[in-house]
Amino acid sequence: NILSWCLRLQGKLAEAIQLVTTCLGSWKQSLPPLHLHVALAVGLLGVCLMQTGRLEEAEGRFREGLDIERKSLQENHPNIANSLYQLGDCLHRRGKDEEAQKLLQEAAKIQSFSLPQNHPYKIFTLTLWA
């Protein structure tokens, strides 16, 4: 949600994690299990956890969000590429470079089909390994 994103940008990560966790709990109770709001909230929680150094927890959240998106969206949807990028970044930070590279290659492949040539996400994905 927007407020948690703003808190994260201000460096108030503990508050952002608490807010996202609360929202996620509510959405998991009130929305279908494969709803994209759930996937996005899980991914945002992963970002906040990764920024606090809680990489193992972040990896789990990124995997959970990616799983929802793979079941809910078309195969080459840009959201899937973004989630692959986030999981790949997290794995890279954990020293799991072989798996990270595979995910980033998959993200780049999806982005080549689904995003314009000079889109910033394409550049980020390609430069993570530069």
Side-chain angles (χ1 to χ4, degrees):
N1 82 29
I2 299 290
L3 180 56
S4 61
W5 192 259
C6 292
L7 289 169
R8 185 187 72 82
L9 292 175
Q10 293 174 1
K12 298 177 180 179
L13 295 170
E15 292 175 59
I17 290 170
Q18 183 178 11
L19 183 59
V20 174
T21 302
T22 300
C23 290
L24 184 57
S26 296
W27 286 345
K28 282 185 172 183
Q29 289 180 350
S30 62
L31 296 172
L34 299 179
H35 197 283
L36 289 180
H37 283 342
V38 174
L40 293 172
V42 168
L44 179 55
L45 181 57
V47 169
C48 293
L49 291 167
M50 187 165 63
Q51 288 188 312
T52 61
R54 295 161 61 182
L55 299 178
E56 187 174 342
E57 292 175 76
E59 178 184 338
R61 297 298 68 80
F62 289 137
R63 289 187 188 280
E64 181 183 353
L66 179 60
D67 183 56
I68 293 169
E69 289 177 347
R70 285 194 191 273
K71 292 175 181 175
S72 302
L73 299 171
Q74 293 180 353
E75 185 177 335
N76 288 325
H77 195 282
N79 284 20
I80 292 174
N82 186 54
S83 293
L84 287 165
Y85 172 82
Q86 290 175 327
L87 178 56
D89 185 22
C90 183
L91 291 171
H92 173 65
R93 292 173 190 224
R94 294 194 69 199
K96 298 180 177 184
D97 289 336
E98 188 174 321
E99 184 181 1
Q101 188 169 17
K102 288 178 185 177
L103 294 173
L104 293 171
Q105 288 171 344
E106 185 180 351
K109 182 179 176 183
I110 291 171
Q111 290 171 342
S112 72
F113 293 115
S114 61
L115 297 175
Q117 183 64 30
N118 292 325
H119 194 282
Y121 284 175
K122 280 183 155 179
I123 296 166
F124 289 136
T125 302
L126 295 172
T127 60
L128 185 61
W129 289 98

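Computed from a prediction, not measured in an experiment: that's the story for all the values here.
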| said: Could you measure the distance from the SG atom of Cys90 to the CD atom of Glu56? Nearest 0.5 Å is fine. | reply: 9.5 Å

| query | Are Asp67 and Arg63 within salt-bridge range, i.e. N to O under 4.0 Å? | reply | no

| Closest approach of Gln74 to Ile80 (non-hydrogen atoms, all atoms of both residues) | O-CD1, 3.3 Å

| Does Glu64 pair with Arg61 as a salt bridge, N-O distance under 4.0 Å? | yes

| task | Please name the pair of heavy atoms, one in Pro33 and one in Ile68, separated by the smallest distance, quoted to 0.1 Å. | result | O-CD1, 3.9 Å

Show me the donor-acceptor pairs, under 3.5 Å and distance only, between side chains in residues 14-23 and residues at least two apart or in other chains.
unit_1: Thr21; atom_1: OG1; unit_2: Ile17; atom_2: O; d: 2.7
unit_1: Thr22; atom_1: OG1; unit_2: Gln18; atom_2: O; d: 2.9

| request: Under the side chain to side chain donor-acceptor pair (under 3.5 Å) rule, collect the residues that match up with Glu69, sequence neighbours excluded. | output: Ser83

| field | Same apolar cluster (I L V M F W Y, side chains within < 4.5 Å links), Leu55/Leu13 | value | no

| hydrophobic_cluster_shared for Leu40 and Tyr85, side chain cutoff 4.5 Å | no

| Joint hydrophobic cluster, Val38 plus Leu44, side-chain heavy atoms closer than 4.5 Å | yes

| message | Would Gln86 and Met50 count as a side-chain contact (heavy atoms from CB on, under 4.5 Å) here? Give the steps. | response | CA-CA 10 Å; Gln86 290 175 327; Met50 187 165 63; 5.7 Å; no

| query | Minimum heavy-atom separation for Ala107 to Ala81, with atom names? | reply | CB-O, 3.5 Å

| field | Test item: Gln101 and Asp97 side chains (from C-beta on) under 4.5 Å apart, heavy atoms | value | no

| query | Pick one: which of Leu103, Leu104, Asn82 meets side-chain contact (heavy atoms from CB on, under 4.5 Å) with Leu87? | reply | Leu103

| message | Taking the basic N atoms (NZ, or NE/NH1/NH2) and the acidic carboxylate oxygens, is any pair closer than 4.0 Å for Glu106 and Lys102? | response | no

| note | Heavy-atom nearest pair, Ile110 first then Asn76, reads CG2-O, 3.4 Å

| task | Locate the shortest heavy-atom distance separating Val42 from Gly65; write the atom from each residue and the value. | result | CG1-N, 3.5 Å

| said: How long is the straight-line distance from CG of Asp89 back to CZ of Phe62, given to the nearest 0.5 Å? | reply: 7.5 Å

| request: Can you tell me which residue pairs pass the side-chain hydrogen bond (donor to acceptor under 3.5 Å, both in side chains) test with a partner in residues 31-54, sequence neighbours excluded? | output: Arg8-Gln51, Arg54-Glu57

